Each structure stands twice: as C-alpha cells, then as structure tokens.
2 protein chains.
Amino acid sequence: MESTTAVSKVLRNAYGASPEMRAKVRRTIDELGYRPLAAARGLRGQTYTIGVMLPDIRNPFFPEILDGITGRLADTDYQVFLGPGGCNDEKAEARVTEAMIDRGMDGIVLIAPVSSRARLEHIATAVPTVVVGRHGHSSVYDTVTDDDVAGAAVLVGHLTGLGHRRIAHIEHHETDPTRIEEMPNAQRADGYRRAMRAHGLAEEIDVVSTSYTQQGGYEGARQLLARPNRPTAVFAGADIVAMGVLEAFAEAGVSVPDDISVAGYDNTTFASFGPISLTSVDQSGHEIGANAARLLVERIADRLKSPVQIKLSPTLVPRRTTARPPA
Amino acid sequence: MESTTAVSKVLRNAYGASPEMRAKVRRTIDELGYRPLAAARGLRGQTYTIGVMLPDIRNPFFPEILDGITGRLADTDYQVFLGPGGCNDEKAEARVTEAMIDRGMDGIVLIAPVSSRARLEHIATAVPTVVVGRHGHSSVYDTVTDDDVAGAAVLVGHLTGLGHRRIAHIEHHETDPTRIEEMPNAQRADGYRRAMRAHGLAEEIDVVSTSYTQQGGYEGARQLLARPNRPTAVFAGADIVAMGVLEAFAEAGVSVPDDISVAGYDNTTFASFGPISLTSVDQSGHEIGANAARLLVERIADRLKSPVQIKLSPTLVPRRTTARPPA
DNA sequence: CTGAAAGCGCTAACAG
DNA sequence: CTGTTAGCGCTTTCAG
C-alpha cells in the first residue's frame with residue numbers, strides 16, 4: 001500500500017523510493033487525477049511559485065522580459081505569477097512584495113523597482129530575490145541590467161554619425177540621490193552627457209526633465225520646440241516618451257525625420273510598427289528575463305551564494321525616424 | 001494574554017472579540033511586524049488571493065480590465081495575481097488555471113479564455129470563477145462581456161452614415177463550433193453581417209478570415225487590395241488587426257482615409273495615439289473589470305448563488321482614419 | 001526501502 | 001468574551 005510518505009517522495013523526486021514504487025505511485029496519481037495543494041506543501045517545503053513584480057503592465061518592453069523568465073522556467077515545476085505593482089508607486093510596490101512573501105513564494109523577480117535600497121535588501125533577506133533594471137550592487141540579491149550608458153552612447157554615436165550636433169535628450173526627472181545612481185533613466189541621461197562630451201559636443205548638451213510617459217514626451221517636445229535654436233535630433237529616454245514627442249511634432253507640423261530626427265529606447269512593438277518605424281535601442285529583454293530566472297533558481301538552491309551582477313549589452317536598431325539633419 | 005484565537009479573530013474581523021482586545025492585538029501586531037502566512041491561512045480558510053488569467057500580456061486592451069479589477073479590490077484584503085496564459089494556447093491555459101487552483105486561490109477571473117466549455121465548467125466547479133469576454137451562459141460561472149454584435153453594428157452604422165457601401169471585415173478565423181457561438185470575434189463578424197443586411201448592403205458583405213494579430217491584419221489587407229473592386233472601408237475586428245492593415249496600406253501607397261477608411265475595435269492606446277488616430281469601438285474595459293471583480297467577490301461569499309451575465313454596451317470613438325469615401 | 005507520527009501556521013469548533 | 005483543542009494537506013524526522 002502506498003503511504004502518504006511514498007507519494008510525497010515521488011512528487012519531490014526525493015531519495016528513498018524504489019523504481020517500482022515510483023511507477024506505481026505515478027500510475028495511481030494519474031488515475032485519480034490527484035494534484036498536490038501547493039499552499040499546503042509550502043507550509044513545510046516549497047510552494048513552487050515564483051513572483052514577478054511588474055511596475056507597469058502597459059509598458060510594452062516588460063512582456064519581453066517576462067517571456068524570457070517563463071521560457072527559462074517552462075521545464076521546471078515552478079509556476080510564475082505576476083504582481084501588478086502600480087506605476088512608480090512605492091506603496092503599491094511594498095504591498096505586492098509583502099503579499100508575495102506572505103504567500104510563501106519561493107523566489108521573486110523585481111522588475112525596475114522604485115523602492116529604496118533598504119527595502120530591496122529587506123525583501124531579499126526574507127526571500128530569494130533578483131532585481132532587474134537597477135544598477136548598483138548588493139550583498140543579498142542578484143541583479144540583471146542593461147548597460148544603459150553604453151546604449152545611450154551608441155545612440156548618440158548614430159546621430160552624430162548622421163551629422164547631428166544639436167542633440168537634445170528627454171529624461172525622467174529623478175530627485176532621490178540613491179536612485180540617481182541606480183535607476184536606468186539616470187544612467188541613460190548620464191550616458192548621453194558623457195557621449196556628447198566624447199564627441200566634442202559638450203556645449204550642445206540639452207536635457208529636458210519630464211517623465212517616462214507619453215505625456216512626458218509630449219511636454220518635453222513642446223519645450224524643445226520653444227527653443228530659439230531648435231535641436232536637429234531628439235533622444236527620448238524611452239520609446240513611450242518618443243511616442244509623445246512624435247505626437248507633439250505631428251501637431252506642430254514638424255516633419256520627422258526631415259526637420260528633426262527622433263530616437264527612442266527599448267525597441268518596443270510600438271517602435272517596430274511599420275508606419276511609425278522608430279529608431280530605438282534594443283535591450284534584449286528576452287535575455288534579461290532568462291538570466292534573471294536562471295539566477296533566481298540558483299539562489300533558491302543556495303541562498304548564501306555570493307551575489308552576481310549581470311550587465312547585458314544593448315544594440316541599436318536604426319529605422320526611419322532618424323536621418324541626416326536638414327542642410 | 002492574547003491567544004492565537006484572539007489574533008485570528010481580529011485578523012478576520014470575526015465575531016467574538018472585545019474592542020479592547022482588538023486594539024491590544026492590533027498594537028502588538030504592529031510592534032512585532034507580524035504578518036499572517038497566507039498559505040497557512042488557506043489550509044483552513046481563505047488565501048485572500050485572486051488569480052486573473054490574461055491570455056496575452058501584449059494586448060493593450062487587457063490592462064484596462066485589470067485596472068478595473070484591482071481598483072474594485074483595492075479596499076479589500078484580496079490580493080490579485082496574474083497568470084500568464086500563453087496566447088490562444090489551451091495547454092498553457094490549463095496549466096495556469098490548474099496552478100491557481102493548486103495554490104488555493106479564493107477565486108479566479110478568466111479573460112477571453114480559449115478553453116472548451118467543459119473545461120471552463122470544470123474550473124468553475126473547483127473554484128469561484130468569472131469569465132470575461134465569452135458569450136454563452138453557464139450554470140456555474142458568471143460572465144461579463146461586451147455586446148460585440150451591437151459594437152459591430154454601431155461601427156457599420158458610422159461607416160454607412162459617411163456614405164460607404166463596400167465595407168469589408170477582417171475576422172479571426174474560427175473553426176470550433178462552440179467557440180463560434182461564444183467568442184467575441186465570431187460575434188463581431190456576425191454583428192457585421194447583420195448590420196450590413198439591415199442597411200440593405202447584403203450584396204456587399206465581404207469577410208476576410210485571418211487572425212487577430214498584426215500579421216493577420218496585414219495579410220487581410222493584402223487580400224482586399226487584390227480585389228478587382230476594392231472596398232472603400234475596412235472594419236478590422238480588433239485594433240491590433242487595424243495596425244496590420246494600416247501597415248499594408250502604407251506600403252501599398254494607399255492613403256487613409258482618403259482612399260480607404262479603416263476602423264478597429266477595442267480602443268487601445270495604439271488607436272488613441274495621435275499620429276495614428278484610429279477610429280475604434282470602446283469596450284470600457286475598466287467597467288468590465290470592475291464588474292468581474294464584484295461578481296467574483298459575491299460568488300466567493302455565496303458559491304451557490306445563481307449565475308449572472310452582464311453585457312455592457314460599447315461606444316464608438318470616431319477618429320481620423322474614417323471619412324467619406326472618395327467621390 | 002518503507003510507513004507511522006509529528007508538526008508547519010493558521011482557523012473552526014468547542015468548552016469554560 | 002476568551003482560551004483550549006483539533007485538524008487543513010503536506011513534508012520531514014525517525015523507527016521498523
């Protein structure tokens with residue numbers, strides 16, 4: 001007769017069950033359509049559940065990361081659940097992460113969290129954690145990021161290569177000092193400044209601070225249009241920002257790229273959409289996700305292993321919104 | 001001394017605890033930073049977790065529904081988690097729903113599921129369920145849908161009102177007989193046919209069967225362009241399909257709306273984006289989500305209550321891709 | 001290699 | 001109104 005212990009062992013591929021016993025149990029499980037209750041398993045062992053916090057469902061870049069994560073985890077027993085983490089809202093972020101911890105999740109992936117460093121470490125102490133999209137090391141969690149400085153540089157290089165000099169940048173306004181170091185938006189702005197200087201264009205540096213939203217792009221573009229000496233190219237910190245820029249330019253009768261070139265960052269589906277065809281920087285979200293999942297599984301296996309930082313290289317995707325500046 | 005029972009009662013706002021006791025317990029909970037383990041609660045009572053299955057993260061219509069759900073649940077103790085349910089993949093859908101049941105979720109919302117009727121009823125038998133976006137009644141689950149027939153009619157009315165007669169429709173090809181009755185795509189195609197007949201345009205009915213993807217829209221548009229007698233307006237079954245249509249038309253040098261008018265369905269952010277400005281039908285996703293959440297909470301409270309079907313009315317959002325047909 | 005027994009953190013019945 | 005006592009379904013000792 002199969003005991004509950006035997007079933008448990010088979011389920012967990014644990015040591016101490018004969019091949020015959022395994023087969024027999026497997027057969028019976030299939031016949032009865034038995035499914036172990038993950039919540040109960042969690043009380044003693046694992047829940048086989050991994051939580052992914054997405055700050056903004058609407059951002060078309062995140063699905064790429066998610067695909068990378070689920071793809072990497074597809075062959076395992078882990079199930080991924082997404083926590084909707086209210087855009088740029090620390091409170092909402094805290095609520096979701098607490099909820100994940102309360103549900104006994106085995107590990108969590110935080111995508112571009114806005115919480116303080118201290119909170120991230122607090123979370124990582126409670127449960128194995130991988131942070132995506134925040135620069136800056138930690139002794140308790142692993143990180144996977146895109147090299148935003150390099151991405152900004154390659155984009156500025158593309159524009160100068162086309163002959164642009166007056167290249168403006170629209171950034172997401174950041175006040176918090178630690179976040180200035182860790183957030184991708186700040187890194188992109190920094191990369192832009194460095195690249196401009198490297199090309200001898202320090203005098204032309206022109207940064208507009210709004211936010212990484214379509215509205216932010218729209219407002220930023222309006223400000224740039226009001227300049228006595230308009231830029232010939234605009235580097236928007238994210239594709240969604242570029243969308244707002246394109247909208248403002250269309251409204252103002254500014255032709256892209258004939259009058260002004262526009263480039264984004266993230267290579268979202270928006271950017272690749274034919275009629276828009278936005279030049280952008282691709283972060284290879286799929287790889288980011290796959291790496292995050294791998295690191296998380298490793299950390300679940302060994303919570304004390306020393307943290308890893310992975311930095312991936314973005315690539316430029318030139319399209320039809322960038323061209324030579326008007327003669 | 002507070003007993004575990006007292007704490008449990010306070011946590012659940014249950015009957016049988018004096019105000020003083022409540023206050024005292026609350027204070028101690030705060031001091032100790034105690035958090036109840038949801039998994040353990042679930043073993044006896046509820047997990048305070050609600051699962052939402054999204055078939056496709058990338059579809060910009062779904063976030064609206066999600067906002068409606070989370071908004072309605074924000075003031076409750078329920079926490080929402082999303083299950084990523086591989087686009088149009090019954091296997092993936094089954095895996096996610098099983099996972100939700102295994103985790104002891106208190107209720108689940110299925111958004112536009114593709115699973116068979118039998119499977120939906122099976123799920124609903126195991127856990128309180130609300131199905132969004134599938135027409136057709138059930139005795140075990142509630143449904144919330146948009147009136148797709150009415151939506152198609154209002155759109156066809158808009159086009160005939162502009163003077164169009166040759167109005168083509170691009171639909172998502174459906175073979176399964178039950179799904180033909182239940183899926184929104186089939187309802188929209190049906191609504192289109194009926195509306196055309198109602199306007200005395202039975203002879204002009206022209207349906208292209210591809211899929212609700214950008215690629216499907218692109219291919220459908222190519223087919224329509226190859227017609228000896230091109231339509232003057234195209235009703236794409238979904239905004240994402242309209243995107244593909246616009247791309248094909250742009251490529252072929254067909255001007256929208258001067259040569260051909262184009263309309264979509266769903267009123268996604270894509271459609272509202274200025275430079276695109278696609279005429280579309282708004283499903284009020286927020287309301288759909290809010291209603292789904294309400295029904296689910298009610299069903300969790302009383303699993304035997306008789307099922308409710310809510311059908312919401314869509315509204316037309318006319319924009320710049322539709323105009324009078326060329327003279 | 002197998003199975004009986006204890007207990008994970010909570011809630012539900014019950015007795016005080 | 002309070003506290004004690006049994007489990008929820010699993011995993012994990014620990015004897016056999």
Side-chain angles (χ1 to χ4, degrees), chain A residues 1-49 76-79 98-107 126-128 300-301 303, chain B residues 1-50 76-79 98-107 126-128 300-303:
Chain A
M1 217 55 280
E2 299 102 345
S3 69
T4 55
T5 312
V7 177
S8 176
K9 282 181 175 166
V10 173
L11 246 32
R12 292 173 295 122
N13 294 310
Y15 175 83
S18 64
E20 307 93 68
M21 182 54 100
R22 301 196 105 80
K24 191 173 165 196
V25 170
R26 283 256 141 70
R27 208 177 324 122
T28 315
I29 284 179
D30 283 352
E31 273 170 27
L32 269 49
Y34 166 80
R35 311 219 84 218
L37 222 169
R41 302 180 83 172
L43 230 40
R44 258 12 249 316
Q46 303 187 45
T47 56
Y48 298 93
T49 308
T76 70
D77 285 331
Y78 290 109
Q79 175 66 35
E98 290 296 324
M100 288 179 173
I101 295 170
D102 295 345
R103 266 99 191 142
M105 294 196 173
D106 295 332
V127 56
I300 290 172
R303 292 192 56 154
Chain B
M1 215 54 278
E2 300 104 345
S3 69
T4 55
T5 312
V7 178
S8 176
K9 280 180 175 165
V10 173
L11 245 33
R12 291 173 296 122
N13 294 312
Y15 175 83
S18 63
E20 308 93 68
M21 182 53 102
R22 300 197 105 81
K24 191 173 163 198
V25 170
R26 282 257 142 70
R27 206 176 327 118
T28 315
I29 284 179
D30 283 351
E31 274 171 25
L32 270 48
Y34 166 81
R35 311 220 87 220
L37 221 167
R41 302 180 84 171
L43 230 41
R44 264 358 241 6
Q46 303 187 47
T47 55
Y48 298 94
T49 309
I50 284 178
T76 70
D77 284 331
Y78 291 108
Q79 174 66 37
E98 290 296 326
M100 289 179 172
I101 295 171
D102 296 343
R103 266 93 190 150
M105 295 197 171
D106 295 334
V127 56
I300 290 171
D302 175 11
R303 293 192 54 152

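These numbers come from a predicted model, not from an experiment. Computation of the quantities below employed the complete heavy-atom set of this structure, encompassing side-chain atoms and omitting hydrogens, waters and symmetry-equivalent molecules.
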Starting at CZ of A/Arg103 and ending at P of C/dC8, how long is that distance when rounded to a whole Å? 22 Å
Can you name the residues that form a side-chain contact (heavy atoms from CB on, under 4.5 Å) with B/Arg26, not counting sequence neighbours? B/Val10, B/Asn13
Restricting to side-chain contact (heavy atoms from CB on, under 4.5 Å), what partner residues turn up for A/Asp30, sequence neighbours left out? none
What are the two closest non-hydrogen atoms of A/Thr47 and A/Gly42, and how far apart are they? CG2-CA, 3.5 Å
With sequence neighbours left out, what residues match B/Arg35 under side chain to side chain donor-acceptor pair (under 3.5 Å)? A/Glu98, A/Asp102
What's touching nucleotides 13-16 of chain C from the protein side, N or O pairs under 3.5 Å?
none

Do you know which two heavy atoms are closest between A/Asp106 and A/Tyr48, and how far apart they sit? OD2-N, 2.5 Å
Over the length of the helix from C/dC1-D/dG16 to C/dG16-D/dC1, how much do the five-pair end axes diverge, rounded to 10 degrees? 40°
With the criterion being N/O to N/O and under 3.5 Å, what pairs connect the protein with nucleotides 8-10 of chain D, and how long is each?
from   : atom 1 : to      : atom 2 : distance (Å)
D/dC8  : O4'    : B/Arg44 : NE     : 3.2
D/dC10 : OP1    : A/Tyr34 : OH     : 2.6
D/dC10 : OP1    : A/Leu37 : N      : 2.9
D/dC10 : OP2    : A/Tyr34 : OH     : 3.1

CE (B/Met100) and OG1 (A/Thr49) are apart, to the nearest 0.5 Å, by 11.0 Å
Please evaluate residues B/Ile300 and B/Gln46 with respect to the criterion side-chain contact (heavy atoms from CB on, under 4.5 Å), reporting the C-alpha separation (whole Å), side-chain torsions for both, the decisive distance (0.1 Å), and the verdict. CA-CA 10 Å; B/Ile300 290 171; B/Gln46 303 187 47; 4.1 Å; yes
Value rounded to 0.5 Å, distance of CZ in B/Arg103 from CZ in A/Arg103: 13.5 Å
Which heavy atom of A/Pro36 sits nearest a heavy atom of A/Arg41, and at what distance? CG-NH1, 3.8 Å
